[in-house]
Structure formats: C-alpha cells, structure tokens
Q: 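Sharing a structure with you now.
Heavy atoms only: backbone and side chains are in, while hydrogens, waters and symmetry mates are out. In each ligand, atom 1 is the first atom listed, and ligand 1 is the first ligand listed.
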Amino acid sequence: MKFIISRYNPETDQAPYDQTFELDNSQLSADSMLLDALHLIREQEPSLSYRSSCQEGVCGSDGMNVNGKNRLSCVTSLSELGDTITLKPLPGLPIIKDLIIDMELFYTQYKAVKPFLEAKPLDLEHEHLQTPEERSKLDGAYECILCGCCSTSCPSFWWNPDQFAGPAALLAARRFVVDSRDIKHIDRLKELDSPTQTFRCRHIQNCTDACPKGLNPSHAIQELKSIMVKEL
Ligand code: SF4
Ligand code: SF4
Ligand code: FES
C-alpha cells in the first residue's frame, strides 16, 4: 500500500512537499484504520507529525485530508481507500508541521458564538426543566467533537476565516438559539445576522459531507436563517 504524505517543517522547508511511504499488506489487517497505518509509517520515519489521542472518533484531534476529503484517520478504514492514499493537512488554516494545523482561528470563531447556556440564575428549588420535544431540538448539535473537518472544507471559511464563523461554530450557535432554557436567544440572533456571518454560507454542503459524526451543519445554518427571518 502506498501513502503519499504532505511534509512541511517551517524551520527547514520553503513549502510543503510530498513524501511517499510503502507498507506491506502483511503489516496490516482487514480492520486496520488509517491511523494504524500512520503509526507504522512513523516507525519508519519518526519525524512524521500528526495529532491523535482517543483513537475512537471521540476527541476530534486527527482530522486530515484523505484522498481529497476531510476525515478522521482513526475511524477511516483502509479498506475504503484504495491502494494509493494521499494525505494532506486539513485545508485553509496554517500548517504547524506535516499534518498538524493551527486551529487557533477555528477556536476563536467557536468562542465568539458563546457556546454555553445563558439561563436564568440558578434556583435550587426549581430546575430548568425541558419537555422531551424541547430537548429533542438539541439532537444533532451537541454531538459535535470540534474536529474542524467541516469548517476546513468550507470555501466561505477559507476566504474569510477571521469574519465568517464557519459551520462548526454556527452549528453550536444554533444549538443555543433553539435551547428553551437560554434567555439570550434574540441577542444571539442579532449577533449572527450579518452578510459576513450566517448569510455568508452559500449552502454548498461541503461541511455536511465532511462531518465524521454524521451531523448536518448546513441544515443548522439554514434553520438559523429561517429563525432570523421570522424573529428579527
Ligand atoms: S453549506 Fe455553508 S457552511 Fe457548509 S460548506 Fe457550504 S458555505 Fe460552508
Ligand atoms: S460538525 Fe462535525 S465536522 Fe464539524 S467540527 Fe463538529 S464533528 Fe467535526
Ligand atoms: S484520535 Fe480521537 S477522534 Fe481520532
């Protein structure tokens, strides 16, 4: 199996370049994941850099571009990928080294949508109750693991990462806008109602296509737009 991996060390390289590695099929099993292959390649080339932690699709640290699509290496089976696999860092953000990107702008945009509940002051006598219907509106949003696969596949985010929140942050924004316990609903909508913000999304759907958790940020953004039109 052949792996063409983008390498870049900002201390020694002018620009990223590709390096090819080979693994023998005997080193892999039928259920090997791409991350398993990367660990074997790193035994050949210890300077190869990539992130990983949980190895189970939970921490969101090992997003990378695999044969042109953003994916998590730990939940991507080698059997899906063919005999030649091309790996690049997630696009659109600065490269720190090899497959590791600088996620600072991604987190800045996430933080800017205030991804936390702003409820009435806690009253220990009365919980913030929700009906099952109210609770069900949060499904499909709280499961986000902040891997960045969506935002780094979004052309609107590539071109304006300092202005456009991007699909991951907007999915989080929608999660709190529809939360029946949140009292900053209208303030949240006003902050997102701008041509450089929510309305920068062109619904190309790259984000939804890229999400390894099967979430639908594009639909969440459409919902946000509809709520704004009705309520502002
Ligand atoms: S649907 Fe919107 S947020 Fe998703 S990739 Fe397209 S422009 Fe970006
Ligand atoms: S919405 Fe999906 S792709 Fe985007 S950050 Fe969350 S888990 Fe990753
Ligand atoms: S290593 Fe945690 S999601 Fe892949």
Q: Do you know which two heavy atoms are closest between Trp158 and Thr152, and how far apart they sit?
A: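 Result for this residue pair: NE1-O, 2.8 Å.
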Q: With respect to atom 4 (Fe) of ligand 3, please indicate if Asp62 possesses an N, O or S atom at a distance under 2.8 Å.
A: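 An N, O or S atom of Asp62 is closer than 2.8 Å to atom 4 (Fe) of ligand 3, so yes.
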Q: Run the numbers for me: atoms of ligand 1, each under 4.0 Å from some heavy atom of Cys207, listed by number.
A: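 Near Cys207, meaning under 4.0 Å from one of its heavy atoms, ligand 1 has 1 (S), 3 (S), 4 (Fe), 5 (S).
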Q: Starting from the C-alpha separation in whole Å, work towards a yes-or-no answer on side-chain hydrogen bond (donor to acceptor under 3.5 Å, both in side chains) for His126 and Lys120.
A: CA-CA 11 Å; His126 302 94; Lys120 289 181 197 154; over 6 Å; no
Q: Around atom 8 (Fe) of ligand 1, find the nearest protein heavy atom and jot down its residue, atom name and distance.
A: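 Of every protein heavy atom, Cys154 SG, 2.2 Å lies nearest to atom 8 (Fe) of ligand 1.
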Q: Distance under 4.0 Å to a non-hydrogen atom of Cys59: what atoms of ligand 3 satisfy this?
A: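 In order of numbering, the contacting atoms are 1 (S), 2 (Fe), 3 (S).
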Q: Looking only at heavy atoms, what is the nearest atom pair of Asn70 and Cys149, with distance?
A: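 Shortest heavy-atom contact: ND2-O, 3.0 Å.
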Q: Is it the side chain (CB and beyond), the backbone, both or neither of Val58 that lies under 4.0 Å from ligand 3, heavy atoms counted?
A: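 Only the backbone of Val58 comes within reach of ligand 3.
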Q: May I have all residue pairs that pass salt bridge (charged side-chain N to carboxylate O under 4.0 Å, His left out) and include part of residues 27-37, sequence neighbours excluded?
A: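 For residues 27-37: none.
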Q: Restricting to distances shorter than 2.8 Å, give the number of protein N, O or S atoms close to atom 6 (Fe) of ligand 2.
A: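 There are 1 of them.
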Q: Only heavy atoms of Arg202, strictly under 4.0 Å: list the atoms of ligand 1 that pass.
A: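 Close to Arg202: 2 (Fe), 7 (S).
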Q: Check ligand 1 against Asn206 and write out every atom of the ligand that is under 4.0 Å from a heavy-atom position of the residue.
A: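 By the 4.0 Å cutoff, the relevant atoms are 5 (S).
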Q: Return the closest protein heavy atom for atom 1 (S) of ligand 3 as residue, atom name and distance.
A: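 Result: Gln55 N, 3.1 Å.
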Q: Quick check on contacts: which atoms of ligand 1 are under 4.0 angstrom from a heavy atom of Ser156?
A: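 Going through ligand 1 atom by atom, the ones under 4.0 Å from Ser156 are 7 (S).
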Q: With heavy atoms of Pro212 as the reference, note each atom of ligand 2 found under 4.0 Å away.
A: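 The list of qualifying atoms is 3 (S).
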Q: Does Cys54 approach ligand 3 within less than 4.0 angstrom via side chain, backbone, both or neither, non-hydrogen atoms only?
A: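 Both parts.
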Q: Which of the atoms of ligand 3 are close to Gly57, meaning less than 4.0 Å from one of its heavy atoms?
A: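 Answer, ordered by atom number: 3 (S).
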